[in-house]
Amino acid sequence: MNFSELFRQSTQLCNFSPDGKFLTSAVDYRLIVRDVETLQIQHLYSCLDAIQYIEWSSDSQFILCGMFKRGLVQVWSLEVPDWHCKIDEGSAGLSSVVWSPDGRHILTTADFNLRITVWSLVTKSVSYIRYPKQCDKALDFSKNGKFMALAERRDCKDHISIFSCQAWSLVRHFESETDDLGGLQWSPDSRVLCVWDSCFTYKVLLYSLDGRCLSKFSAYDLALGIKALIWSPTSQFLAIGSYDEKVRVLNHITWKTVATFSHPETIDSKTVIVYKEIESKTPSAPVNLSDIPTSTLFTPTSKYEVQQCPVEISITKPALNKANPKIGVGSLAFSYDNKFMFTKNDNMPCVLWIWDIRKLGLCAVLLQTNPIKAVKWDPCSQRLALCTSTNKLYMWSPSGCLSVQVPVEGTFLIHNLSWQPEGDAILLVGKEQMCVCYLSPTAANASAAHNISAIDSTQDGNKGKKETSSTNGRRDFSQK
């Protein structure tokens, strides 16, 4: 592994381009585009106000910056740096903005969901869509980029409109059998549209492109229902996480439950590997004690140890008298090859569950010392990375677990992370800084660890060094 220098960023606005060649970050009103391999600045743009949102176009040619307080969107081109575009929603205000799949249209949503405006960068035309519903996920594009599904609210009833992304014309409009639609999502093969109700009603509806209801699913009634939902990459499975702390997996043929995954307080199985993070403070060896603060004399390190079953899991009691109680499965995702899935039960904040989809059973459990903040699968390999708001990066693969301390001076706590599209690097995001972890070191990215930008770099040392803790059953994570 090879870690880069620390760079400034604002409100965690930083991500890789879809082609994996560039890394963009926002620092107040400035947008900075870097080369991923060298981290050299390629483009520097100045916006009209503090940036609150950034997004790449699908072809990595354009970047949009949303400034919601002023109702503005600015678009920048990488191929033609002198070209730029400004979109002003005016008195209607701006609540969200998103690219269309072709990367040549921008959809803005006005305040209070008054309307959705489609702006064309090619013809400079403007179209309006009325009655968008205000919910968690009211708009979704099909994976093939041909259709857009939009949830609408008309005459106190939920409706769904399907638009063509080529002509932005209405293809199909039908009423949804939901009481209060909570969101919708296309399957990866773009054949089925999944619609679910709000958390107060457990109801999942599967629609075809022509508006036919293929199936309905409800696990129980009169209790908080669906909290998270995800399709498998092959569209064969639909996993539903709910407030009853279970995950139900539906198959794409009969839309019936093929497996129900529970999250028990005690793990007692010979086939499950339980990894527990063990922290320790090892004394460092400074040259001169007077030059180093006392707090840095002992560097906390961690390693994973395999636990013998049965293993008890600690549970955090949720505050049921407050909104959005920390209970139920709120995070789940399949691996790129559909062979594994992780789940996170919110009232077990320090525990990550990994399931083997081929066997439809529990495969491994990770017991962290601190609450898990972010978990992401490698887009090209059977491994995942997670962080816990500490200075350590954690990784899991079928071979074992790994704990790596980010080798920088000062305080750098990882609050979020994202993978480079090719799986060669991980972007580690702190509160006001970021760095890149290269999993396949090359001559180009090795020099990036010593690359210091005069615009927004920090003055940290230990560049390019690596500190890792011991692991159990861990082989080579840098190989795919």
Engineer: Ion pair present between E177 and K216, side-chain N to carboxylate O less than 4.0 angstrom?
Structural biologist: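 Yes, charged N to carboxylate O under 4.0 Å.
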Engineer: Scan side-chain atoms only and decide if S335 and N338 contain a donor-acceptor pair under the 3.5 Å cut-off.
Structural biologist: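 No, N338 and S335 have no side-chain donor paired with an acceptor closer than 3.5 Å.
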Engineer: According to side chain to side chain donor-acceptor pair (under 3.5 Å), who are the partners of E152, at least two apart in sequence or on a separate chain?
Structural biologist: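 R154, S161.
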Engineer: Has Q52 got a side-chain atom pairing as donor or acceptor with K69's backbone, closer than 3.5 angstrom?
Structural biologist: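 At least one qualifying donor-acceptor pair exists.
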Engineer: Which one of D197, V204, L184, T201 satisfies the side-chain contact (heavy atoms from CB on, under 4.5 Å) criterion with T178?
Structural biologist: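 Single side-chain contact (heavy atoms from CB on, under 4.5 Å) partner of T178 among D197, V204, L184, T201: D197.
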Engineer: Does E432 CD have over 12 foreign heavy atoms under 6.0 Å away?
Structural biologist: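 Result for CD/E432: open.
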Engineer: Flag the pair D210 and R212 as a salt bridge only when some basic side-chain nitrogen lies within less than 4.0 angstrom of an acidic carboxylate oxygen.
Structural biologist: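 Salt bridge flag = yes for R212 with D210.
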Engineer: Would a line drawn from the ring center of W83 to the ring center of F62 be shorter than 6.0 Å?
Structural biologist: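 Here the rings of F62 and W83 have centres that are less than 6.0 Å from each other.
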Engineer: Hey, are W56 and T24 close enough side-chain-wise for a donor-acceptor pair under 3.5 Å?
Structural biologist: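 Side-chain D/A pair, T24 to W56: absent.
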Engineer: Quick one: does NZ or CZ of R172 land under 6.0 Å from the six-membered ring centre of F163, within 45 degrees of the ring axis?
Structural biologist: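 Geometry flag: not set, cation outside 6.0 Å or 45°.
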Engineer: Test C65 against every option in L48, V97, I54, V75 by the side-chain contact (heavy atoms from CB on, under 4.5 Å) rule and name the one that passes.
Structural biologist: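 Going through the options one by one, the only one that passes is I54.
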Engineer: Does R115 make a cation-pi contact with Y131 (under 6.0 Å, within 45 degrees of the axis)?
Structural biologist: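 Verdict for Y131: no cation-pi partner in R115.
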Engineer: Assess whether side-chain contact (heavy atoms from CB on, under 4.5 Å) is satisfied between Y202 and I240, documenting all intermediate values.
Structural biologist: CA-CA 10 Å; Y202 198 120; I240 306 170; 3.4 Å; yes
Engineer: Listed by chain and number, what are the side chain to side chain contact (heavy atoms under 4.5 Å, CB included) partners of S198, not counting sequence neighbours?
Structural biologist: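 Expected list: D180, F200.
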Engineer: Any chance you could lay out the side-chain contact (heavy atoms from CB on, under 4.5 Å) test for N416 and K376, step after step, and finish with the verdict?
Structural biologist: CA-CA 9 Å; N416 202 353; K376 299 290 176 60; 3.9 Å; yes
Engineer: Would you call D179 and K157 a salt bridge, using N to O less than 4.0 angstrom?
Structural biologist: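 No, D179 and K157 are not salt-bridged.
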Engineer: Quick one: do the W99 and S58 side chains pair a donor with an acceptor below 3.5 Å?
Structural biologist: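 No donor-acceptor contact under 3.5 Å links the two side chains.
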Engineer: Checking Q420 side chain against E422 main chain: does a donor-acceptor pair fall under 3.5 Å?
Structural biologist: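 Such a contact is found between Q420 side chain and E422 backbone.
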Engineer: Are any of the side-chain nitrogens in K21 or D35 under 4.0 Å away from the carboxylate oxygens of its partner?
Structural biologist: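 No, this pair does not count.
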Engineer: We want to know whether E245 and Y243 form a side-chain donor-acceptor pair, criterion being a heavy-atom distance below 3.5 angstrom.
Structural biologist: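 Checked: E245/Y243 side chains show no N/O donor-acceptor pair below 3.5 Å.
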Engineer: For a side-chain contact (heavy atoms from CB on, under 4.5 Å) with L352, tell me which candidate from V375, L367, V365, T343 qualifies.
Structural biologist: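 Exactly one option meets the side-chain contact (heavy atoms from CB on, under 4.5 Å) with L352, and it is V375.
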Engineer: For residues S232 and F334, report the shortest heavy-atom separation together with the two atoms involved.
Structural biologist: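 The answer is CA-CD1, 3.5 Å.
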Engineer: Between the side chains of W353 and N345, is a donor N or O closer than 3.5 angstrom to an acceptor N or O?
Structural biologist: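 There is no such pair between these side chains.
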Engineer: Please determine, by modelled atom types, if Y45 and Q74 share a side-chain donor-acceptor pair under 3.5 angstrom.
Structural biologist: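 Side chains of Y45 and Q74: no pair found under 3.5 Å.
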Engineer: Side-chain contact test, heavy atoms from C-beta onward, threshold under 4.5 Å: evaluate it for P379 versus P421 and give yes or no.
Structural biologist: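 The answer is no, as the side chains (C-beta and beyond) never meet within the 4.5 Å cut-off.
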Engineer: Going by atom types alone, do H252 and S235 pair a side-chain donor with an acceptor below 3.5 Å?
Structural biologist: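 No pair is found: no donor N or O on one side chain lies under 3.5 Å from an acceptor on the other.
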Engineer: Counting only N and O atoms by type, is there a donor-acceptor contact under 3.5 Å from the side chain of Q368 to the main-chain atoms of I372?
Structural biologist: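 Checking the backbone N and O of I372 against the side chain of Q368, no donor-acceptor pair under 3.5 Å is found.
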Engineer: Does any non-hydrogen side-chain atom of C401 lie less than 4.5 Å from one of L366?
Structural biologist: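 The answer is yes, as the side chains (C-beta and beyond) meet within the 4.5 Å cut-off.
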Engineer: Return yes if a side-chain donor-acceptor contact under 3.5 Å exists between S77 and E79, otherwise no.
Structural biologist: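 The answer is no; no qualifying pair exists.
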Engineer: Please give me the minimum heavy-atom distance between A228 and V329, naming the atom from each residue.
Structural biologist: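 A228 and V329 have their closest heavy atoms at CB-O, 3.8 Å.
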Engineer: Could you check whether R70 pairs with D88 (Lys NZ or Arg NE/NH1/NH2 to Asp/Glu carboxylate O, under 4.0 Å)?
Structural biologist: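 So R70 does not pair with D88 through a salt bridge.
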